[in-house]
Amino acid sequence: MSTRSERYKQNPQTVQEKRAGESALSDFADYVQQQQALRRPPIAGAANGGAKHEHAELDILDTLDLADDKPKIRLRDLLLDTSDRKDESIRQLQEIIVGRLDEGHGECLFDIGLEDNGDSQMLTEPEWATALARIEGILVTLKADLRMLMTKNVSDSLVDVGNELKKEKACVGKIIIRKQPQVVDDTIETRIAVVGNVDAGKSTLLGVLVKGGLDDGRGKMRVNLFRHKHEIESGRTSSVGMDIMGYDSKGEIVMSGVPGRKLSWEEIGKRSAKVISFTDLAGHERYLRTTVFGMLSSEPNYCLLMVAANNGLIGMSKEHLGIALALNVPVMVIVTKIDICPPQILQQTLTQLTKILKSPGARKIPIFIKNREECINTATQFVSQRICPIFQVSNVTGECLDLVREFLNILPHHGKYDIDAPFEFHINDTFSVPFVGTVVSGVVKSGVVHAGDTVLVGPDGLGQFTTTTIRSIERKRIPVPGCSAGQSASFALRRIRRKDVRKGMVVLMARSEGDKTGLPAPPPQVFREFVAEVLILSHATTIRTKYQAMLHVGPISQTCAIIDIDRDYIRTGDRATVAFRFVQRPEFLAVGDRILFREGRTKGLGIVKQAGYDPSQPLNPDATKNKAKDDKPDEEAVPAAVTA
Ligand SMILES: Nc1nc2c(ncn2[C@@H]2O[C@H](COP(=O)(O)OP(=O)(O)OP(=O)(O)O)[C@@H](O)[C@H]2O)c(=O)[nH]1
C-alpha cells in the first residue's frame with residue numbers, strides 16, 4: 001500500500017518473531033529472582049552480584065555485527081570526493097542514507113567525521129562544511145531533513161559539547177535524519193506506557209511535555225490527562241488516559257500548547273514526522289486491573305516508570321516494573337520532584353533504583369543522564385534492552401526536561417511487526433460516535449487493512465463472528481485510507497451496535513487476500529481452553545486444579561479456571577504446563593501470546609503453548625488416580641471470590 005508498508009517489506013528486521021514463544025520463555029528463568037529482588041529491600045551485600053554486572057556493558061558488543069567481511073567503503077571518501085567520480089560517490093552516499101532510513105522506519109542517525117567502525121575521519125573545518133553540505137544536498141532529493149544533535153571542535157556550532165574525550169582537533173558531529181511524511185501513513189509512531197506509584201507525577205509530567213509550561217506543585221498540569229470528573233476532583237487517575245506529542249522532520253517539537261492557541265491531535269499528527277503517544281496509567285492499587293489492561297492492550301514500544309524522588313520505588317511501582325519486564329518492553333525511568341527532595345533522600349532513591357535495576361532479575365544497566373552528550377549517546381544505544389536510562393527532573397522548575405524531550409526525539413523505533421501476515425486487530429476501546437456509529441480503537445497486530453474492507457468482528461459470547469465493513473479509519477484522529485501492523489488506529493464499523501463489541505475482541509479479514517473462490521471463508525477459530533507454560537511469581541500456598549484467577553492476554557481480561565496441571569500442585573517459583581478454561585466465553589488467541597494472571601496477591605505469567613485442550617490426553621496422567629480426592633472442594637485452592 002504505502003511507501004511505509006513497502007519499507008516494512010524491504011526490511012528483514014521487521015519480520016515478526018515467530019510466535020512459537022520459545023525465545024520469550026527464556027526470560028522466565030530469571031523472573032522469579034527478579035520478582036524476589038523487587039520485593040526485597042536492597043541489601044548492602046548485593047555488591048557481589050554487582051561484580052558480574054561490572055562487565056555487563058560488554059554484552060552490548062555481542063549485538064554488533066563484527067563479522068561483516070564486505071569491502072569497506074570509506075565514508076570520508078564519499079563525503080569529500082571532488083574528482084570526476086564525484087557523482088558516483090554522491091550516489092553511493094545516498095544509497096547508504098536510504099538504507100539506514102529504511103532500517104530506521106523513516107529516521108536514522110549519522111556521524112559526520114567518524115567512519116562506521118568509529119575511526120576518526122580527521123575532518124578539518126572546511127572539510128566538515130563540505131561534508132555537511134553534501135549530506136544536505138542529498139536530503140533535498142530524498143525529501144528528508146536533519147537535526148544537528150552534537151558537534152565537537154566545530155567553531156560556529158551552537159551544539160558543541162567540547163573536546164574532553166578526543167584530544168585531536170578533528171571535527172565530529174552527530175545528526176538525526178528524518179523523512180518528511182508525504183502522507184499521514186508515513187508518520188513514525190512510538191507508544192509509551194507511563195506507569196509508577198500514585199502521586200509519582202505521571203499525569204503532571206505528561207501535561208508538561210505535551211502542553212509545554214510548568215506545574216505549580218499543586219496539580220495544575222495534570223487535569224489535561226483526566227477523562228472523568230471524579231479524577232479532576234480527587235487528582236487521581238483511574239482510567240487509561242492518552243495524549244500525544246510530535247516531532248517534525250527537523251526534530252522540532254510539535255505540542256498541543258503552542259503560544260496563543262491549542263493544537264488538536266489532528267494538527268499535531270499532520271505537522272509531525274514522528275508521533276509519541278503516551279498512555280497515562282493509574283498508580284493506585286485499586287486501579288491495578290485497569291493499569292495491567294492498559295499495559296497489555298496498548299502494545300507499548302517502551303515503558304516509562306515514574307518515581308517520586310522523595311518516595312523512591314514504592315508500592316505499585318515495583319509491580320509495574322515487574323510487568324514491564326515480563327512483557328519484555330524496554331524501560332526508562334524518570335525521577336520527579338527533585339525540586340522538593342533533600343539531597344540525601346534523592347541519593348537514597350537513586351541507590352535503591354540502581355540496586356533493583358541491576359539485580360539478577362531485572363539485569364538492566366542503569367545510566368544516569370545528566371547532560372546532552374549522555375542523553376544522545378544513550379538514546380542511540382537504547383536499541384539494547386539492557387540499558388535503562390534514568391532522568392532526574394522537576395516538573396515545577398523544568399530542570400532536565402529538555403533532556404527528556406531530546407531523548408524522546410531520538411528514541412529509536414522499537415517493535416517487530418509483520419505486515420505480510422493475515423490482518424489481525426485487537427480492540428482495546430469502543431465508542432458510539434454521533435453521526436458515525438460504532439467505533440473501535442486498538443492496535444494492528446499484523447497485516448494491512450483499508451477502509452471499505454469486509455471484516456469479521458468477534459468472538460461474541462457464543463464464539464461467533466459478525467461480518468461487517470470498515471466505513472472509515474482514523475489514526476490519531478486523522479482520516480487515513482488504510483493502516484498496517486504496529487500502528488494504532490480506530491475503525492468506524494457499519495451495521496454493528498456498540499453493545500455488540502467489547503474490549504478484547506479482534507477484527508479479522510473476512511476473506512484471505514487473493515481468494516478468488518467466492519466461497520465463504522471458514523470461521524476463525526476461537527478457544528475456550530488452552531495450554532500454557534507458566535511461571536508462578538507469588539502465591540501464599542499451593543495452586544491446584546479448579547483454582548480461578550483473572551487472566552490477561554493482550555486486551556482480553558477474563559476469569560479463567562485451571563483445569564489441568566502437569567503435576568499435583570504448583571507453588572511460587574514453579575514453572576509448569578497448565579491447562580486453562582475461560583469461565584465466561586471463548587476467546588481468540590494464538591500460540592505464543594503472553595498471558596498474565598492475577599488473583600489477590602497471586603501472580604503468574606506465561607506463554608500460550610497450545611490453543612485448545614484435549615481431556616483425553618491429561619497433562620498429568622497420575623492425577624486421574626487421585627481424581628476422587630481432588631473433586632473434594634479445596635478451600636486453599638478455590639478462593640471465595642476472584643478479585644477483579
Ligand atoms: N514539587 C513538585 N511537585 C510535583 C512534581 N511533579 C508532580 N508534582 C505534584 O505531585 C502531585 C501528584 O502528581 P500527579 O501527576 O497527579 O501524579 P500521578 O502519578 O499521575 O498520580 P495518579 O494519577 O493518581 O497515579 C501533583 O500535586 C503535582 O503538582 C515535581 O516535579 N515537583
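Remember, it's 1-based here, ligands and their atoms both numbered in the order they're listed. Remember, it's a predicted structure, so these values are computed and weren't measured experimentally.
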If you measure every N or O of Ala200 against every N or O of ligand 1, does any of those distances drop under 3.5 Å?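 It does: an N or O of Ala200 is found under 3.5 Å from an N or O of ligand 1.
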
Got an N/O contact under 3.5 Å between Thr336 and ligand 1?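 Between Thr336 and ligand 1, no N or O pair is found under 3.5 Å apart.
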
Please work out which of Asp339, Asp215, Leu401 has its closest non-hydrogen atom nearest to atom 9 (C) of ligand 1.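 Result: the heavy atom closest to atom 9 (C) of ligand 1 is in Asp215.
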
Would you tell me which option among Gly398, Ala309, Gly201 has the nearest heavy-atom contact to atom 17 (O) of ligand 1?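 Among Gly398, Ala309, Gly201, the closest heavy atom to atom 17 (O) of ligand 1 belongs to Gly201.
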
Ligand-residue contact atoms, ligand 1 with [X], heavy atoms, under 4.0 Å:
| X | answer |
| --- | --- |
| Val198 | 24 (O), 25 (O) |
| Ile340 | 1 (N) |
| Ser203 | 15 (O), 20 (O), 23 (O) |
| Ser394 | 31 (O) |
| Arg218 | 27 (O), 29 (O) |

Side-chain contact test, heavy atoms from C-beta onward, threshold under 4.5 Å: evaluate it for His552 versus Arg598 and give yes or no.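 A side-chain contact under 4.5 Å exists here.
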
With heavy-atom distances below 4.5 Å as the criterion, would you say the side chains of Arg271 and Asp248 are in contact?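 Of all side-chain heavy-atom pairs linking Asp248 with Arg271, none is under 4.5 Å.
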
What's the shortest heavy-atom distance between Lys476 and Ile244, and which atoms?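 Smallest heavy-atom distance, with atoms named: CD-CG2, 3.5 Å.
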
Taking all heavy atoms of Pro389 and all of Ile369, pick out the closest pair and write down the distance.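 So the minimum-distance heavy-atom pair works out to CB-CD1, 3.6 Å.
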
Taking atom types as modelled, find out whether [X] and [Y] have a side-chain donor-acceptor pair closer than 3.5 angstrom.
| X | Y | result |
| --- | --- | --- |
| Arg191 | Ser298 | no |
| Ser203 | Asp280 | yes |
| Asn409 | Glu406 | yes |

Should the proximity of [X] to ligand 1, defined as any heavy atom under 4.0 Å, be assigned to the side chain, the backbone, both, or neither?
| X | answer |
| --- | --- |
| Asn395 | both |
| Thr204 | both |
| Met306 | neither |
| Asp199 | both |

Report yes or no: does a heavy atom of Asn197 sit under 4.0 Å from some atom of ligand 1?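 Under 4.0 Å: yes for Asn197.
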
With under 30° as parallel and over 60° as perpendicular, where do the rings of Tyr302 and Phe382 fit, or are they tilted in between?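 Plane angle under 30°, so parallel.
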
Answer yes when Glu373 and Lys152 have at least one side-chain N-carboxylate O distance shorter than 4.0 Å, and no when they do not.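 A salt bridge links Glu373 with Lys152.
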
